[in-house]
Each structure stands twice: as C-alpha cells, then as structure tokens.
**Student:** 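Sharing a structure, written as structure tokens. Questions coming.
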2 protein chains.
Amino acid sequence: MSTKERILDAAVTLFSLKGYDAVSVGQIAEAVGIKAPSLYKHFKGKQDIFNAILKEMQKRYEIQSKELQMDGNNAAEDAGVFTAVSEDMLVNMGKRLFIYFLHDDYVCKFRKMLTIEQFHNKELASLFTKQYVDDPLSYQSAMLALLTQAGVLRQEERKIMALHFYAPIYILLTLCDRQPEREEEALQLVEQHIKQFSRIYQKEVRS
Amino acid sequence: MSTKERILDAAVTLFSLKGYDAVSVGQIAEAVGIKAPSLYKHFKGKQDIFNAILKEMQKRYEIQSKELQMDGNNAAEDAGVFTAVSEDMLVNMGKRLFIYFLHDDYVCKFRKMLTIEQFHNKELASLFTKQYVDDPLSYQSAMLALLTQAGVLRQEERKIMALHFYAPIYILLTLCDRQPEREEEALQLVEQHIKQFSRIYQKEVRS
DNA sequence: GTCTATAAGAAGATAGAC
DNA sequence: GTCTATCTTCTTATAGAC
C-alpha cells in the first residue's frame, strides 16, 4: 500500500470517528507514521484529502452498483423460477446486504463520515440520500416488482413495498454503526423482519 | 429571553449545522450579539454549553414523553371503539408524529446535532438510540398491540410490526433533515406507507 | 519523500477595567 | 454583564535541508 493510500485510509478512519473538523492534519500524519509536513507532498491540503476520499468512494460505489445489479438480475430471474422459496431468497438477500454494508471496512467508515458531514453542504446531502435511500429503494423496488409479477407477492404500491423492505434494514444498520455491541440483536431483527415482510405481503392462500 | 437562553439557542443552531468542533465560541457569541469573553460569565466554557443543551433537551424529552404517552393511551382506548376507522387513526398518528418531529424547532436542531455527534462517545450514541429508535419502537409496539387485541390487525410479532410502522417514518424524517426541499414528497410517502401498512396488516375478510 | 524550523492565524480561555 | 487586551496552545501550511 502506497503512502498516498495509507493517508487516505488513516484519514477516513479518523473522519468517520470524529468528523472532518475535529481531525487535524497532524493526527492523520501520526496515524500514518509520518510528520504533518510530509503529507503535503501527497496532497495539497486537508480538504484535498477529503475530496480524494469522496472521489475514491464514488468510484467504488459505481463498481459495486454494477455488480449488485448483476446479482439482482440473476436473483430476479431466479425469482420467477423459485416461487416457493421466495422467502428464503429474500432473507438471504437482506442479510447479505446488511452484513456487507456493516462489515466492509471502507464502506462502513465512509457511511459514518457522510453521516457526520451530511449537513455540511448540498452535495454531501445529495450523495448520502442517493447512496443510502434512493438507490437502494429503486433497486429493491425493481426486485420486488418481479416477485409481484411472478405471482408470489401481492400487488401493492411498489415504492412503498420497497420502503417496507428497506427502511427496517436501514434503521438497524445505522443502529449498529452507533452501537456495534447490538449487532447480533439487529441481525436477528433483520431476519425476523424479512420473514414477517414476506408473510404479510404474500398472496393469501384461501383459508 | 435571557442571555443564557439566547446563547443556548444560538449554540444549538450552529452545532446542528456544522457540528461541535466546527463552531467556535466566537461564532456563538457573534450570533448572540456579544463578544466571546462575555460568554464565559454565563458558562464555564464551550463544553459546558454543549452539556447544558443536552440537559435542557433531556428535560423537554421527558415532559414530551409523558404527554405523548397520555395521547397514546387515549388513542389506544379509541382504538377499541373505532375499529372501522383504524386506518385513519394510524394515518393521523403517523403524520402528526412526523410533522412534530420535523417542525419543532428545538427538537429538529437537537436531532441534527445528535446525528453529527453520535459517534463521539457512548453516552451520545445511547441517547440517540433511546430517543429515535428504542423509545418510539416500544411506544408504537404498545399501541399496535392494542389494535391487534381489538381484532383490527393480524396477530404478528409485535416488535417487527412496530419496526414496519416506524422505520419508514424514520428514514423519511432523516431524509427531510438532510434535504428539506423533499418534505412534500416525504409526507406523501408517509401517508401512503401507513395506508399500505394497515392494508397488509389488516385481518383478511374472507374473499 | 521525509524531516526540522517556522510562519501566520485561529482557537479556548483568563484578567481586569468599566 | 460587557468590554479590550492578552496568554497559550493548536492548526494549516510553507521553506528549505537531507
């Protein structure tokens, strides 16, 4: 790992814990194992480091989006076939999403950093909403629409259905960001949530 | 309004926008219309101002909790009577909760401040979770249990049911904190969400 | 690319006049 | 209770030696 990368890594770690303003260039340098002035050979300044993190993260996000969409298309194709096991499919999908978002080191730190900095300017606010609200909702919406068309789930408003699927996962994820000691509890709730979600949205079998 | 109160007001406004570390004592003083050293006649220091905001907000929260519980008990008693209009009752309750949380000036600023500072220490993390996750969930859970017992809603896991009711409201609330321009859209989604929530959780009338 | 030395400014906080 | 003046420390950033 190059020094430039190590600086970004140390910076995102500190920013995710204390926020941009509470972290000094000296602290970043110390975490890397160099002195503050050496850092200016790699970046123009503190803001430049922050921008580099943003740029790097957006690059990773785009790559990850494409991969997820591929998985999604596969999962969606599966949905048509395995109508019976749709609950397990949803549970696995949800848990996988949850664990990935929670345990991927860079993703996790970046999310915390954005959480702290989201009110700082409009671009950061938009970025947060895009990555953690709009994109997940539109992705889940598309997936759930396929399950509806396949006749597995009830015909309900798609967007709201996606909200019912994603919002509980989101609130539990942000809970874990804040209190990692409650991760096990949260993971169980995610599982329970999805099971109950598929139960209540299932097409009723006449009793 | 006393100078002490005006300092707290200016401080919470600035903290909710930029976070504790990005705000200087001088900026707070300027917002109040005094010079920085004058501020030290009212508070021991910057941290003391922050603590006072915290204390004040917890006082208000406890008062508000008691009031809400009273409303809740009333609403719950109503629930047994008006089984037919339970959907409207839920919609009104949800929208009222949403609008109160979103438009009460101090509540709103304090929530943003806590959002920014939640990772700073364990007490702030616990406080955030209590006020915006655990307490609302346990309150909603109690209310929904009464609707279940009254035979209006299906018998499902209470905690998850509360999560399905509250999580969408929570995610839309945090969206509005970040992007107030999307408030109208969010409010419509809240309404749609609750209507769909009561539809899918309703005891099925045999077709 | 790393270091030491250092500039230039802002920060939190105190002393003491009024 | 407010002010000016001041202290000390920390901050970002640069200059220049190695």
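To find a chain, count down the sequence lines: A is the first, B the second, and so on, and within it residues start at 1.
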**Student:** Checking B/K95 now: which residues fulfil salt bridge (Lys or Arg N to Asp or Glu O under 4.0 Å) with it, not counting sequence neighbours?
**Tutor:**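 Expected list: B/E191.
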**Student:** Under a 4.0 Å heavy-atom cut-off, which of residues 4-19 of chain B touch DNA chain D?
**Tutor:** none
**Student:** With sequence neighbours excluded, what pairs up with A/S38 under the side-chain contact (heavy atoms from CB on, under 4.5 Å) test?
**Tutor:**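 side-chain contact (heavy atoms from CB on, under 4.5 Å) check on A/S38 returns A/I34, A/K35.
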**Student:** Could I get the full list of salt bridge (Lys or Arg N to Asp or Glu O under 4.0 Å) partners for B/D135, not counting sequence neighbours?
**Tutor:**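 Listed in chain order: B/K130.
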**Student:** Could you give all pairs that pass the side chain to side chain donor-acceptor pair (under 3.5 Å) test and reach residues 6-16 of chain B, with sequence neighbours left out?
**Tutor:** B/T13-B/K109
**Student:** Kindly write out the residues that satisfy salt bridge (Lys or Arg N to Asp or Glu O under 4.0 Å) with A/K159, not counting sequence neighbours, or none if the list is empty.
**Tutor:** none
**Student:** Atom pairs under 3.5 Å, N or O on each side, protein against nucleotides 9-13 of chain D: can you list them with distances?
**Tutor:**
unit_1, atom_1, unit_2, atom_2, d
D/dT12, OP1, A/V25, N, 3.4
D/dT12, OP1, A/K46, NZ, 3.2
D/dT12, OP2, A/V25, N, 2.9
D/dA13, OP2, A/Y40, OH, 3.0
D/dA13, OP2, A/K46, N, 3.1

**Student:** A/T129: which residues meet the side-chain contact (heavy atoms from CB on, under 4.5 Å) condition with it, sequence neighbours left out?
**Tutor:**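 Residues passing side-chain contact (heavy atoms from CB on, under 4.5 Å) with A/T129: A/V133, A/D134, B/L175, B/R178, B/Q179, B/R182.
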**Student:** Could you tell me which residues satisfy salt bridge (Lys or Arg N to Asp or Glu O under 4.0 Å) with A/E157, sequence neighbours excluded, listed by chain and number?
**Tutor:**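 Not a single residue meets the salt bridge (Lys or Arg N to Asp or Glu O under 4.0 Å) criterion with A/E157.
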**Student:** Going by an N to O cut-off under 4.0 Å, is there a salt bridge joining A/E56 and A/R60?
**Tutor:**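 Judged by the 4.0 Å cut-off on N to carboxylate O distance, A/E56 and A/R60 do form a salt bridge.
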**Student:** Does A/C108 have any side-chain contact (heavy atoms from CB on, under 4.5 Å) partners at least two apart in sequence or in another chain, and if so, which?
**Tutor:**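 Listed in chain order: A/R111, A/K112, A/D177.
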**Student:** For A/Y166, check ring-ring contact (aromatic ring centres under 6.0 Å, His included) against everything at least two apart and list the hits.
**Tutor:** none
**Student:** Please identify the 5'-most and 3'-most nucleotides of DNA chain C with any atom under 4.0 angstrom from a heavy atom of chain A.
**Tutor:** C/dG1 to C/dA5
